[in-house]
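Written below as structure tokens is the structure these notes are about.
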Amino acid sequence: MRYTSTRDNSVRVDSATAIARGISPDGGLYVPEEIPQYDYRALCQTVKADYRDRAIDILSRFLTDFTADELRECVYAAYTDKFGADDEVAPVVSANDNKYILELWHGPTSAFKDMALQLLPHLLTRSVKKTGSGKETVILVATSGDTGKAALEGFSDVPGTRIIVFYPEDGVSNIQKLQMTTQLGENVSVCAVRGNFDDAQTGVKRIFTDPALIDELAAHNMAFSSANSINWGRLVPQIVYYINSYLELMENGEMDYEDEPFNIVIPTGNFGNILAAYYAKLMGLPVKKLICASNANNVLTDFLRTGVYDRNRTFHTTISPSMDILISSNLERLLYHMSGCDCNAVRNWMEQLKTTGRYDVGADMTRQLGEVFWAGCCDDAQTKQEIRAMFEAEGYLCDTHTAVGLNVYRQYVEATGDTTPTVIASTASPFKFAPSVLGSLTELDPQRNEFDIISELSVISGCAVPTPLAELSGKPVRFTNVCNPDEMADMVRRLLF
């Protein structure tokens with residue numbers, strides 16, 4: 001399996017190089033030259049495997065320069081004793097009306113990013129050895145909340161690595177901020193950015209292609225890489241849990257063995273989580289519709305409906321902050337595949353986005369998008385109503401991002417009448433956003449301590465607080481760095497040298 005760049009398809013690298021670099025030198029994202037195909041009927045009839053063994057099988061089709069033993073070591077290190085008492089990595093919970101909740105937040109940071117970021121450090125360190133650079137890897141991360149903590153947790157004290165996380169100063173929840181600023185590890189650094197996530201993400205991308213800074217790192221025997229989903233090693237593990245959810249439904253008798261289609265609903269901002277589901281569909285997973293759920297920052301909703309991507313709009317700070325994004329980086333990979341691997345078109349669209357803030361993919365691709373995706377959005381009031389409705393009707397407590405997915409799925413059913421079995425990706429524990437969740441269920445005193453709110457939410461819901469979140473109370477803050485977006489490169493220098 002070889003990988004090319006979305007902006008230059010003369011590029012040919014193996015998966016280890018793609019993972020070690022994180023981003024192509026031309027600014028494009030690495031994509032597989034071909035998509036491996038799956039025979040799901042045969043798999044369901046013959047393979048009775050757990051999540052880890054399924055992950056090994058799927059990853060082996062994309063990471064062909066890794067041996068079977070290497071993949072097994074990586075996968076078992078990532079998904080053993082990390083995901084709750086029963087070690088059930090990504091449980092599928094049955095709900096009413098032919099829908100199922102795919103819980104992706106049972107890992108050490110209580111967010112779906114653990115599904116990839118517990119694995120990426122193992123893939124990355126082996127990739128660096130395979131490429132023979134011998135350099136210390138500097139991981140740069142821009143986060144809208146969950147990626148930062150999951151990356152810090154995954155890379156903490158991993159030999160041969162340093163990690164720097166940038167987050168929007170006022171764009172994450174208090175719990176998300178505490179998770180990052182209290183992180184242990186000798187190789188970790190955290191810095192707030194005066195701006196929103198897009199400012200942080202743009203700053204990180206600029207640093208990746210800054211020749212002077214790259215040369216400075218080389219002089220210190222260092223090289224940049226990424227833990228964001230622009231890194232193929234972050235994205236490919238996410239394909240696994242969509243395939244696994246289908247196989248779980250098959251094994252539990254919820255689906256038959258005749259390629260019965262299902263829908264997948266994904267709340268997303270940077271388009272990585274839903275892109276992984278798109279790759280699973282390309283592999284042969286019988287997905288009828290991919291339903292893209294956005295909050296008030298509905299740039300993806302408008303794009304998937306009209307073919308026009310326009311970030312020239314008001315940025316909203318919402319109660320689902322991990323989706324507060326107006327520049328969806330992973331959309332570039334989708335454009336590459338849907339354009340017939342036209343790197344020139346992708347490069348032009350990305351240049352238009354950079355210079356004018358918008359681009360139009362035209363009528364033909366808009367039609368293609370409509371065949372695969374359905375898109376909707378909701379505001380904070382609708383999100384709160386969905387949390388309350390889900391809890392009162394089904395006794396299920398969800399976080400603010402999952403609620404966006406549930407609300408948009410409700411819109412989809414009302415608009416289409418489609419009652420196909422549907423899996424809804426649940427991306428975070430409700431306790432990560434306890435004030436908003438509790439405030440959706442009852443009147444909330446805004447002066448209350450956040451950990452008191454978490455305790456009350458646990459009592460009202462009957463749900464246990466995840467141990468890593470409970471342990472944050474009283475934990476000392478280690479990082480108080482703050483910078484402007486144009487100061488991020490200098491902050492990297494200060495933290496590294």
Side-chain angles (χ1 to χ4, degrees), residues 78-79 81-91 93 101-118 141 143-156 165 167-168 171-185 188 190 192 267 318-323 383 387 390-391 396-403 425-442 444-446 448-479:
Y79 299 126
D81 301 326
K82 299 284 185 71
F83 287 80
D86 298 327
D87 216 27
E88 191 174 4
V89 179
V93 178
I101 311 296
L102 172 59
E103 294 185 343
L104 300 171
W105 42 263
H106 290 274
T109 76
S110 303
F112 82 97
K113 305 298 176 71
D114 289 325
M115 301 298 299
L117 284 165
Q118 284 299 306
V141 176
T143 183
S144 56
D146 288 331
T147 291
K149 171 59 180 178
L152 290 164
E153 187 72 21
F155 281 95
S156 176
V165 169
Y167 70 92
V172 300
S173 76
N174 290 335
I175 289 294
Q176 287 175 316
K177 185 179 295 187
L178 272 176
Q179 283 187 301
M180 290 185 282
T181 58
T182 60
Q183 176 66 46
L184 300 178
V188 305
V190 178
T318 75
I319 62 173
S320 46
S322 297
M323 300 162 64
T383 302
I387 292 171
M390 191 68 179
F391 185 69
Y396 188 87
L397 187 69
C398 66
D399 85 297
T400 50
H401 304 76
T402 305
S426 178
T427 57
S429 164
F431 293 100
K432 293 195 76 166
F433 309 93
S436 296
V437 175
L438 183 60
S440 303
L441 303 179
T442 186
L444 180 68
D445 178 358
R448 292 187 65 190
N449 175 280
E450 181 134 1
F451 290 96
D452 290 340
I453 293 172
I454 288 174
S455 295
E456 183 177 347
L457 183 59
S458 177
V459 171
I460 288 176
S461 65
C463 299
V465 181
T467 300
L469 301 184
E471 291 176 345
L472 285 173
S473 181
K475 199 172 181 181
V477 171
R478 294 185 64 204
F479 302 103

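Basis for what follows: all heavy atoms, side chains included, without hydrogens, waters or symmetry-related copies. Here the structure is a predicted model, which is why all the values come from computation and not from measurement.
- Between atom CG of residue N174 and atom CG of residue L472 there is a gap of 11.5 Å, rounded to the nearest 0.5 Å.
- Taking both residues in full, the closest heavy atoms of F479 and Q183 are given as CE1-O, 3.7 Å, listed atom of the first, atom of the second, then distance.
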**Q.** Trace of the side-chain contact (heavy atoms from CB on, under 4.5 Å) decision for L117 with T109
**A.** CA-CA 10 Å; L117 284 165; T109 76; over 6 Å; no
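- F112 pairs by the ring-ring contact (aromatic ring centres under 6.0 Å, His included) definition with nothing, not counting sequence neighbours.
- Summarising the geometry, atom OH belonging to Y396 is positioned 3.5 Å from atom CD belonging to E103; distances are rounded to the nearest 0.5 Å.
- Take T143 and apply the side-chain hydrogen bond (donor to acceptor under 3.5 Å, both in side chains) test, not counting sequence neighbours, and it matches no residue.
- Here the side chain of R478 pairs a donor or acceptor atom with the backbone of G185 at under 3.5 angstrom.
- Using a distance-only test at 3.5 Å, with no hydrogens or angles considered, a donor-acceptor pair links the side chain of T402 to the main chain of T427.
- Taking the side chain to side chain contact (heavy atoms under 4.5 Å, CB included) definition, one finds that S458 meets it with F431, V465, sequence neighbours left out.
- Put simply, the side chain of F433 does not reach to within 4.5 Å of the side chain of I319, judged on heavy atoms.
- Contact detail for L444 and G439: the closest heavy-atom pair is CB-CA, 4.0 Å.
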Q) Would M115 and V89 satisfy side-chain contact (heavy atoms from CB on, under 4.5 Å), going step by step from the backbone distance to the final call? A) CA-CA 8 Å; M115 301 298 299; V89 179; 3.4 Å; yes
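- For D146, the side-chain hydrogen bond (donor to acceptor under 3.5 Å, both in side chains) partners are Q176, S322, K432, not counting sequence neighbours.
- Between the S440 side chain and the I387 main chain, no donor and acceptor come within less than 3.5 Å of each other.
- Considering only heavy atoms from C-beta on, L457 comes within 4.5 Å of L397 through its side chain.
- The distance from atom CG of L178 to atom CG of L469, rounded to the nearest 0.5 Å, is 10.5 Å.
- When all heavy atoms of H401 and P267 are compared, the closest pair comes out as O-CB, 3.4 Å.
- Across D114 and P108, no two heavy atoms sit closer than the pair OD2-N, 3.3 Å.
- Checking side-chain atoms of S426 against main-chain N and O of I101 turns up no donor-acceptor pair under 3.5 Å.
- Nearest heavy-atom pair, I454 versus A434, reported as atom, atom and distance to 0.1 Å: CG1-CB, 3.5 Å.
- Here the CG atom belonging to L104 is positioned 9.5 Å from the CZ atom belonging to F83, to the nearest 0.5 angstrom.
- Residue E450 holds its CD atom at 6.5 Å from OG of S173, rounded to the nearest 0.5 Å.
- In this structure, D399 and S429 approach most closely via the heavy-atom pair CB-O, 3.7 Å.
- R448 pairs by the salt bridge (charged side-chain N to carboxylate O under 4.0 Å, His left out) definition with E456, not counting sequence neighbours.
- For the atom pair NZ (K177) and OG1 (T182), the distance works out to 12.5 Å, reported to the nearest 0.5 Å.
- Looking at S455, its side chain does come within 3.5 Å of a backbone N or O of F451 through a donor-acceptor pair.
- Under the side chain to side chain contact (heavy atoms under 4.5 Å, CB included) criterion, E471 pairs with T467, sequence neighbours left out.
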